[in-house]
Amino acid sequence: MKARLSIAASTVWFSLVAMANVALFCGTMYRKLAPDKELTYSWIDNDTPLEVPTDIPTVEMTFQESARFTLSDESNKPNWLTLFKNRYGIGFTHLGPFHHRFIPASYHSLHCVYNIQLDFDKPNHATETSLHFIHCLWYLREVFLCNADVSLEDGDFMTKNYTLERMGETRQCKDWTVAADFVSRNFLDWAAYNGVYYNTTDL
């Protein structure tokens, strides 16, 4: 009798364990395969998204030195403007039913790089550094720490002759063209909302 009860108890125990494992497996698969629930926001106070609401794919980009962005050649000045000046707009976005104004962090960073190079042109830059310059140094420092990029670069960058060795590492990066396209389209929507229309053929 005791043997039968022991066998029955063992059978029940293993059945419960098996059912628990099946339930765990089904729950895991559901979380992996079920479509993500779309988040909704009230757009009031801080109830807004943390990132631009579009998917930015990953692409490869090879870093390289550029002769188009120097500090001494006046012909390069227009190139610096392209850092944050989009095809349409200068990086600001207006999102949600109340057209809340944001700027993607990447445009803030590029704006800072642009203003840093402007500051270098001032004759009294070394003794009268602008507050904007100081802010941008702080901001970029924190951006670098926030991203914590741990991509491995070959060799010692301090010993390289970048005049001769122009090419750097190939990295996995977010596709900047997709981000810029979103910002341009958003600017056109914002302009149209305000009654301003552009004759666009490149979007």
Side-chain angles (χ1 to χ4, degrees), residues 36-64 66 68-71 76-122 125 128-151 168 171-203:
D36 293 334
K37 185 178 180 180
E38 185 176 352
L39 296 175
T40 57
Y41 302 94
S42 67
W43 299 93
I44 298 174
D45 294 329
N46 291 322
D47 187 22
T48 58
L50 296 177
E51 295 183 344
V52 166
T54 190
D55 292 327
I56 309 295
T58 299
V59 295
E60 287 188 347
M61 183 174 78
T62 300
F63 285 23
Q64 57 183 304
S66 175
R68 295 177 60 246
F69 294 94
T70 62
L71 298 175
N76 282 335
K77 292 300 180 183
N79 296 332
W80 288 98
L81 273 173
T82 65
L83 289 181
F84 67 92
K85 187 177 180 181
N86 247 26
R87 284 174 292 175
Y88 303 99
I90 57 172
F92 289 104
T93 60
H94 297 82
L95 303 173
F98 309 114
H99 305 282
H100 195 99
R101 189 182 193 187
F102 299 92
I103 184 166
S106 54
Y107 279 92
H108 188 171
S109 298
L110 291 173
H111 172 82
C112 271
V113 173
Y114 172 75
N115 278 278
I116 286 173
Q117 66 85 27
L118 280 183
D119 227 66
F120 278 127
D121 277 345
K122 297 176 181 178
H125 161 71
E128 298 182 24
T129 305
S130 72
L131 293 178
H132 202 162
F133 181 91
I134 298 299
H135 154 74
C136 282
L137 286 182
W138 287 342
Y139 181 77
L140 291 175
R141 169 186 171 273
E142 290 171 325
V143 166
F144 299 148
L145 293 175
C146 178
N147 290 334
D149 187 349
V150 291
S151 301
R171 314 278 284 272
Q172 294 288 323
C173 304
K174 290 185 176 180
D175 191 341
W176 173 252
T177 62
V178 175
D181 184 71
F182 174 87
V183 172
S184 286
R185 291 177 183 276
N186 180 269
F187 172 81
L188 293 175
D189 290 342
W190 166 246
Y193 173 77
N194 287 278
V196 179
Y197 297 91
Y198 291 80
N199 182 18
T200 61
T201 58
D202 56 349
L203 284 177

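For T177, the side chain to side chain contact (heavy atoms under 4.5 Å, CB included) criterion is met by D175, not counting sequence neighbours. In this view, T82 satisfies the side chain to side chain donor-acceptor pair (under 3.5 Å) rule with no residue, not counting sequence neighbours. Residues satisfying the side chain to side chain donor-acceptor pair (under 3.5 Å) test with T70, not counting sequence neighbours, are N76. Remark: K77 engages E74, Q117, D121 in a side chain to side chain contact (heavy atoms under 4.5 Å, CB included) (not counting sequence neighbours). The side chain to side chain contact (heavy atoms under 4.5 Å, CB included) test applied to L140 returns S109, C112, V113, I116, F144, not counting sequence neighbours. Listed by chain and number, the residues in a ring pair (Phe, Tyr, Trp, His ring centres under 6.0 Å) with Y107 are W176 (sequence neighbours excluded). N186 pairs by the side chain to side chain donor-acceptor pair (under 3.5 Å) definition with nothing, not counting sequence neighbours. Every residue meeting the side chain to side chain contact (heavy atoms under 4.5 Å, CB included) condition with S42, not counting sequence neighbours, appears here in chain and number order: I44, D47. Partners of E51 by side chain to side chain donor-acceptor pair (under 3.5 Å), not counting sequence neighbours: none found. Applying the salt bridge (Lys or Arg N to Asp or Glu O under 4.0 Å) test to R171 and every residue at least two apart in sequence or in another chain returns D149, E153.
Atom CG of L110 and atom CH2 of W80 lie 10.5 Å apart (nearest 0.5 Å). In this structure, CG on L81 lies 10.5 Å from CD1 on I90, to the nearest 0.5 angstrom.
The shortest non-hydrogen separation linking I56 to K174 is CG2-CB, 3.7 Å. When all heavy atoms are compared, the tightest approach of F92 to V183 is O-CG1, 4.1 Å. Taking both residues in full, the closest heavy atoms of N194 and W190 are given as ND2-O, 2.8 Å, listed atom of the first, atom of the second, then distance. For P53 against F182, the heavy-atom pair with the smallest separation is CD-CZ, 4.0 Å. Counting all heavy atoms, side chain and backbone alike, T58 lies closest to Q172 at CG2-OE1, 3.2 Å.
A salt bridge links R185 with D181: the distance from a Lys NZ or Arg NE/NH1/NH2 to an Asp or Glu carboxylate oxygen falls below 4.0 Å.
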Side chains of residues 94-105: which donor-acceptor pairs under 3.5 Å do they make with residues two or more places apart or in other chains?
none

Could you list the donor-acceptor pairs under 3.5 angstrom formed between side-chain atoms of residues 130-139 and any protein atom two or more places apart in sequence or on another chain?
| from | atom 1 | to | atom 2 | distance (Å) |
| --- | --- | --- | --- | --- |
| S130 | OG | D119 | OD1 | 2.8 |
| S130 | OG | F133 | N | 3.0 |
| H135 | NE2 | H108 | NE2 | 3.2 |
| Y139 | OH | H108 | ND1 | 3.4 |

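Within 6.0 Å of the CG atom in N46, the count of heavy atoms belonging to other residues, nucleotides or ligands does not exceed 12.
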